[in-house]
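First the structure, in the form of structure tokens, and then the observations on it.
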2 protein chains.
Amino acid sequence: MRAHVAERLRTAILSGDIPPGAPLVETALSNRFEVSRGPLREALRQLIEEGLVVTVPYTGTHVASLSVEDVQEIYSLRTALEIFAFEQIWPHRDDRFRAELRRRNDALLVTIDAGDDRASISTELEFHGLVYEASGHRLLQRAWNGLRGRLQLYWAAHHRAHGRRGPRRDSHDSYIAAAFGDDLDAMRREIGDHMRRGVETTERFLRSLPAR
Amino acid sequence: MRAHVAERLRTAILSGDIPPGAPLVETALSNRFEVSRGPLREALRQLIEEGLVVTVPYTGTHVASLSVEDVQEIYSLRTALEIFAFEQIWPHRDDRFRAELRRRNDALLVTIDAGDDRASISTELEFHGLVYEASGHRLLQRAWNGLRGRLQLYWAAHHRAHGRRGPRRDSHDSYIAAAFGDDLDAMRREIGDHMRRGVETTERFLRSLPAR
DNA sequence: ACATCGTCGATTGTCGACAATCCTGCGCCT
DNA sequence: AGGCGCAGGATTGTCGACAATCGACGATGT
């Protein structure tokens, strides 16, 4: 039951049925979903973990409302995690996996170009999920789980505000959306630049340390 | 109350009072901590998030028991996160922070050399915590929170099994312990090599993709 | 008019009892 | 003897009621 409640509440939030900032009163929700407050509270805890809900003790819980900084954090951390995922995949690479990844990304680009937001969101989540799954790194997948809900929340809010979902192939996550798209070289440059930047900044930081 | 229960249970687990694999029966714990099963369950959920406890529906929950693969995942993900943290710190670097980091690392090395495991664990956690805190990246700090408990669990188990805590200055996390220690150059090479390896493997992966 | 304090409603936190589910071990059948 | 089914005990899952806490509103005194 608990998982089912979390699922339904998550759907209600991501669909915009319960908008960001809206209060989530436990008694009201327990009536709505026809469960006691016990399971409902545990469902809320899970959604808190996923970043869809925020709560302040003894006063109330609300649907999360992401700031610009939040979104920047989501995307920057996702980039770091995904680069790490690629590192993990490389030693166990196989052609079937890469073909599957390529196929899914093609499907993603088709849905994006068709303007079917719901389908493209779903397809994109599957695409990224495949990358993390292929890494075989359970903790990494767990970290991705903690990001996915926040991403969806942002996409949903952005879509309702601007009529299109937030990330598009030429937008925030172009680094990976472009990966298997029109310009493979551009994508290679982009990821390569990002990582080289990381190397450089880290090494500069290290050099800046006081000598012993 | 809930946070207090989680705290006490966490202490009991990390101290080895309740060893890995031991069953955690809700009724017994609710008697032990003199709270109802409601708050106790929420405390358990939190410890599950921290990786200290595992549960299987309708059968029982136990103290987590880490496998070799688990530990490898913990350390590899921590490396990725910490490199990302340094990237975040760089633009906002300031000398006071670096001096503070240096000071804490010196304290860490002192406690390690003194063989005071409890103190060195605490000091090392503070040290890493400072890095993540300085990144100003809340999601990153959250990810670190998800790793910290698992690290502590491993250290505690390793200490009881081998008489010393797991990570030492010449061990797993030497890449960062050495950072401000004896051989700054070695640490620079280590982090640099790690990141270059990441760049290389990712680029090889990208090149291996089928052309459009 | 304004500040301060108390009261009240709303919401979350906690509790004890009951229901659903799963594992174990025993009896029974083949 | 070996496998199967079934009851019993143990454990988690769920429920409804009560307690603790917080924020807002209004009374009251200066």
Side-chain angles (χ1 to χ4, degrees), chain A residues 1-13 17-67 138 142 145 149-150 153, chain B residues 1-13 17-67 138 142 145 149-150 153:
Chain A
M1 204 68 225
R2 180 180 75 249
H4 188 228
V5 171
E7 166 94 22
R8 289 217 285 165
L9 185 54
R10 190 186 300 118
T11 303
I13 291 175
D17 188 16
I18 309 178
L24 295 170
V25 180
E26 294 180 358
T27 56
L29 292 177
S30 72
N31 287 335
R32 170 169 177 170
F33 295 125
E34 294 177 328
V35 293
S36 178
R37 278 183 53 217
L40 187 101
R41 279 171 70 91
E42 301 204 354
L44 280 180
R45 303 287 156 163
Q46 182 171 344
L47 295 189
I48 289 173
E49 282 302 318
E50 297 176 14
L52 298 179
V53 165
V54 293
T55 185
V56 37
Y58 281 111
T59 62
T61 105
H62 300 79
V63 178
S65 183
L66 298 175
S67 67
R138 287 161 298 179
R142 191 181 186 80
N145 285 336
R150 292 171 166 85
L153 185 61
Chain B
M1 204 69 227
R2 180 179 75 249
H4 188 228
V5 171
E7 166 99 20
R8 289 218 283 164
L9 185 54
R10 192 186 300 118
T11 303
I13 291 175
D17 188 16
I18 309 177
L24 294 171
V25 180
E26 293 180 358
T27 55
L29 292 177
S30 73
N31 287 335
R32 169 169 178 169
F33 296 125
E34 294 176 328
V35 294
S36 177
R37 279 183 53 218
L40 187 99
R41 279 170 69 92
E42 299 203 356
L44 280 179
R45 302 288 155 155
Q46 182 171 345
L47 295 189
I48 288 173
E49 282 301 319
E50 297 176 13
L52 269 52
V53 164
V54 293
T55 184
V56 36
Y58 282 110
T59 61
T61 104
H62 300 78
V63 177
S65 182
L66 297 176
S67 67
R138 287 160 298 178
R142 192 182 185 79
N145 285 337
R150 292 171 166 87
L153 185 61

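Each chain gets a letter, A, B and so on, in the order its sequence line appears, and its residues count up from 1.
When all heavy atoms of A/E26 and A/R41 are compared, the pair lying nearest together is OE2-NH1, 3.2 Å. Taking each heavy atom of B/Q46 and B/A6 in turn, the nearest pair found is OE1-CB, 4.0 Å. Taking all atoms of both residues into account, the shortest heavy-atom contact from B/V54 to B/A64 is CG1-CB, 4.2 Å. The two residues A/I13 and A/L153 have their closest heavy-atom pair at CG2-CD1, 3.9 Å. Listed here is the closest heavy atom pair of B/T27 and B/R37: CG2-CD, 3.9 Å.
C/dT14 atom P lies 16 Å from atom CG of B/L29, rounded to whole Å. Per the geometry, CG belonging to A/L40 stands 12 Å off P belonging to C/dG13, to the nearest Å. Rounded to an integer number of Å, the gap from A/L44 CG to D/dT14 C1' is 16 Å. Put simply, CD1 on A/I48 is 14 Å from C1' on C/dG13, counting in whole angstrom units. The distance from atom CZ of A/F33 to atom C1' of D/dT14 is 17 Å, rounded to the nearest whole Å. Atom C1' of nucleotide C/dC15 and atom CZ of A/R41 are separated by 12 Å, given to the nearest angstrom.
Residue order along DNA chain D, read from the 5' end via each residue's closest nucleotide, puts B/T27 first among A/E34 and B/T27.
Contact check, A/R37 against C/dT12: no side-chain N or O comes under 4.0 Å of OP1 or OP2. Between B/R45 and D/dG13, a side-chain N or O to OP1/OP2 separation shorter than 4.0 Å is present.
For B/S36, the side-chain atoms get nearest to C/dT14 when compared with the rest of C/dT14, D/dT14, C/dT12. Nearest to the side-chain atoms of A/E26 among the listed nucleotides D/dT12, C/dT11, C/dG13 stands C/dG13. Listed nucleotides: C/dC15, D/dT12, D/dC15. Nearest to the side chain of A/P39: D/dC15.
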Audit row: A/L44, A/L24, side-chain contact (heavy atoms from CB on, under 4.5 Å) steps and yes/no: CA-CA 9 Å; A/L44 280 180; A/L24 295 170; 4.2 Å; yes
In sequence, state the C-alpha distance, the side-chain angles, and the governing distance for A/L9 and A/L29, and then conclude on side-chain contact (heavy atoms from CB on, under 4.5 Å). CA-CA 9 Å; A/L9 185 54; A/L29 292 177; 4.3 Å; yes
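Near-neighbour residues of DNA chain C inside residues 51-64 of chain A, defined by a heavy atom below 4.0 Å, number-ordered: A/P57, A/Y58, A/T59, A/G60, A/T61.
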